[in-house]
Amino acid sequence: QHKHLAQNLTKLAEFSGIEGHNQRIVFRGGENGAPQAMWENPTVKNEIKKNLNDGNVDVVILICCSKELIESRGQSDQAIVEIIEFALSKNKETRFGLAMPWIDFPNNYKDVNDHRSFTDVGYLAYKEFAKNLSKQFNGLDIFTFYHGAAVYELREMFENGSLQDIKSLIGPKRNSIFTDEKGHAGDIASDTGSLIWLKAIYDINLMDIPKIEKYESDIREIATRVLRLYS
């Protein structure tokens, strides 16, 4: 589900007037896309290394959460350490972003508060983990962001009737938050989540970019509200 957010970013960067944005995506679905699962899979590990080898990558984004990170309650994630070491060996100026997604299977949760409770707590531990990791690498730039919170915010607005763009929680991508039971993002969730990525990577004021006219709701405002809550 996060592949679309990353793919979206190219269009969004262009729309926002950011020049020279290009990206490389190494993707595996679901739990296979967590750093540890990817790094322990020889094929994927090679793919990651191949993408970093030329030293042209200056920001690496990793999506939560490795099994080790969960089991150690946010204390350790050897895969992330090794990916950082490898990336720095190719480009010592690399910055790293650790992203917190939303939880799959939205229908398993009776409402938004139920849906978000696990990752809300997890995100605090994740920020702490990033801070400690940064110290371990002598003040390396490691930032965290929580695009899952944008999706929860949309769900909350939908549940209290203040999101006129959305007809259902799960349904067609143009007017639903999720497109299937697994919780893949519909259009508005994908676009709002991508704004969180854009802010995390480029640190721009989202209200400075043009309004995204595809929606009645101003998703720049929604994303900005989320960023205020989780800065």
Side-chain angles (χ1 to χ4, degrees), residues 1-9 12 25 27-38 59-67 69-70 73-74 77 80 96-130 142-160 163 165-166 169-170 173 176-201 206 215 217 219-231:
Q1 58 191 29
H2 305 105
K3 186 183 184 182
H4 297 301
L5 273 85
Q7 286 168 332
N8 232 359
L9 202 55
L12 197 56
I25 299 174
F27 170 79
R28 292 297 182 278
E31 286 172 7
N32 295 326
Q36 181 182 354
M38 292 179 102
V59 181
V60 172
I61 306 290
L62 299 158
I63 297 176
C64 201
C65 294
S66 291
K67 207 161 170 257
L69 191 69
I70 294 168
R73 293 182 175 265
D77 188 335
I80 288 185
F96 298 86
L98 305 183
M100 178 64 80
W102 62 95
I103 297 271
D104 286 345
F105 299 104
N107 258 347
N108 289 357
Y109 303 91
K110 65 177 190 304
D111 59 19
V112 68
N113 293 333
D114 191 24
H115 192 181
R116 74 186 308 155
S117 59
F118 181 71
T119 46
D120 272 9
V121 173
Y123 188 62
L124 295 174
Y126 205 36
K127 284 199 329 194
E128 209 47 46
F129 168 71
I142 301 176
F143 56 95
T144 54
F145 59 101
Y146 186 5
H147 60 270
V151 175
Y152 298 138
E153 183 69 21
L154 291 165
R155 178 170 185 173
E156 185 169 340
M157 292 173 73
F158 168 66
E159 286 177 354
N160 65 30
L163 189 59
D165 294 278
I166 293 301
L169 188 66
I170 297 174
K173 68 188 173 84
S176 311
I177 295 176
F178 305 103
T179 61
D180 55 21
E181 295 295 321
K182 175 87 161 63
H184 287 100
D187 287 346
I188 198 167
S190 193
D191 288 341
T192 312
S194 296
L195 285 173
I196 305 283
W197 281 56
L198 194 73
K199 164 72 178 164
I201 294 166
L206 296 179
Y215 308 107
S217 316
I219 65 171
R220 300 170 309 166
E221 278 176 12
I222 296 169
T224 301
R225 194 157 67 234
V226 168
L227 289 160
R228 257 202 314 272
L229 286 170
Y230 291 96
S231 58

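Every value quoted in this text rests on a predicted model; they were computed, and no experiment measured them.
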(message) Rounded to the nearest 0.5 Å, what separates atom CD in Q36 from atom CG in L62?
(response) 12.5 Å
(request) State which residues pass salt bridge (Lys or Arg N to Asp or Glu O under 4.0 Å) with D165; sequence neighbours excluded, sorted by chain then number. (result) none
(request) State, yes or no, whether a side-chain contact exists between Y215 and L163 at a heavy-atom distance under 4.5 Å. (result) no
(message) Set out, in order, the CA-CA distance, both residues' side-chain angles and the distance that settles side chain to side chain contact (heavy atoms under 4.5 Å, CB included) for T144 and Y230, then state yes or no.
(response) CA-CA 10 Å; T144 54; Y230 291 96; over 6 Å; no
(request) State, with a plain yes or no, whether a side-chain heavy atom of I80 is found less than 4.5 Å away from one of F129. (result) yes
(message) Working note: I201 + L9, criterion side chain to side chain contact (heavy atoms under 4.5 Å, CB included); need CA distance, chi angles, decisive distance, verdict.
(response) CA-CA 10 Å; I201 294 166; L9 202 55; 3.7 Å; yes
(request) Check the pair L229 / E153 against side chain to side chain contact (heavy atoms under 4.5 Å, CB included), numbers first and verdict last. (result) CA-CA 11 Å; L229 286 170; E153 183 69 21; 4.3 Å; yes
(request) For H184 and D180, work out which heavy atoms get closest and say how close. (result) ND1-OD2, 2.7 Å
(request) For residues P35 and I63, report the shortest heavy-atom separation together with the two atoms involved. (result) CD-O, 3.0 Å
(request) Return the orientation label for the F145 and H147 ring planes: parallel under 30°, perpendicular over 60°, tilted otherwise. (result) tilted
(request) Would you give the length of the straight line joining atom CG of L12 to atom OG of S194, rounded to the nearest 0.5 angstrom? (result) 6.0 Å
(request) With sequence neighbours left out, write down each residue that passes salt bridge (Lys or Arg N to Asp or Glu O under 4.0 Å) with E159, or none if nothing qualifies. (result) R155
(request) Return the set of residues passing ring pair (Phe, Tyr, Trp, His ring centres under 6.0 Å) with Y152 (not counting sequence neighbours), or none when no residue passes. (result) H115
(message) If I take atom CD1 from residue I166 and atom CD1 from residue I188, how far apart are they, to the nearest 0.5 angstrom?
(response) 5.0 Å
(request) Side-chain contact test, heavy atoms from C-beta onward, threshold under 4.5 Å: evaluate it for F143 versus I61 and give yes or no. (result) yes
(message) Nearest 0.5 Å, please: how far is CD1 in I70 from CG in D77?
(response) 9.5 Å
(request) Supply the atom-to-atom distance L198 CG to D191 CG, rounded to the nearest 0.5 angstrom. (result) 11.5 Å
(request) Look only at the side chain of D114 and the backbone of K110, and say whether a donor-acceptor pair between them is shorter than 3.5 Å. (result) yes
(request) Please list, chain by chain and in numerical order, all residues satisfying ring pair (Phe, Tyr, Trp, His ring centres under 6.0 Å) with Y123, sequence neighbours excluded. (result) Y146
(request) Apply side chain to side chain contact (heavy atoms under 4.5 Å, CB included) to R228 and list each qualifying residue two or more places apart in sequence or on a separate chain. (result) T224, R225
(message) If I compare all heavy atoms of A34 with all of C65, which pair ends up nearest, and what's the gap?
(response) CB-O, 3.4 Å
(request) Considering non-hydrogen atoms only, spot the tightest contact between G186 and T179 and give its length. (result) CA-CG2, 3.8 Å
(request) For the pair W102 (side chain) and G183 (backbone), establish whether a donor and an acceptor sit closer than 3.5 Å, ignoring hydrogens and angles. (result) yes
(message) Test of understanding: with salt bridge (Lys or Arg N to Asp or Glu O under 4.0 Å), list the residues that count as partners of E156, not counting sequence neighbours.
(response) R116
(message) Nearest 0.5 angstrom please: K127 NZ to M100 CE, how far?
(response) 11.0 Å
(request) Kindly give the heavy-atom pair with the smallest separation between P101 and T119, and that separation in Å. (result) O-CG2, 3.8 Å
(request) Mind listing the closest non-hydrogen atom pair of L154 and A189 along with its distance? (result) CD1-CA, 3.5 Å
(request) Could you check if a side-chain atom of I222 sits within less than 4.5 angstrom of a side-chain atom of S217, using non-hydrogen atoms only? (result) yes
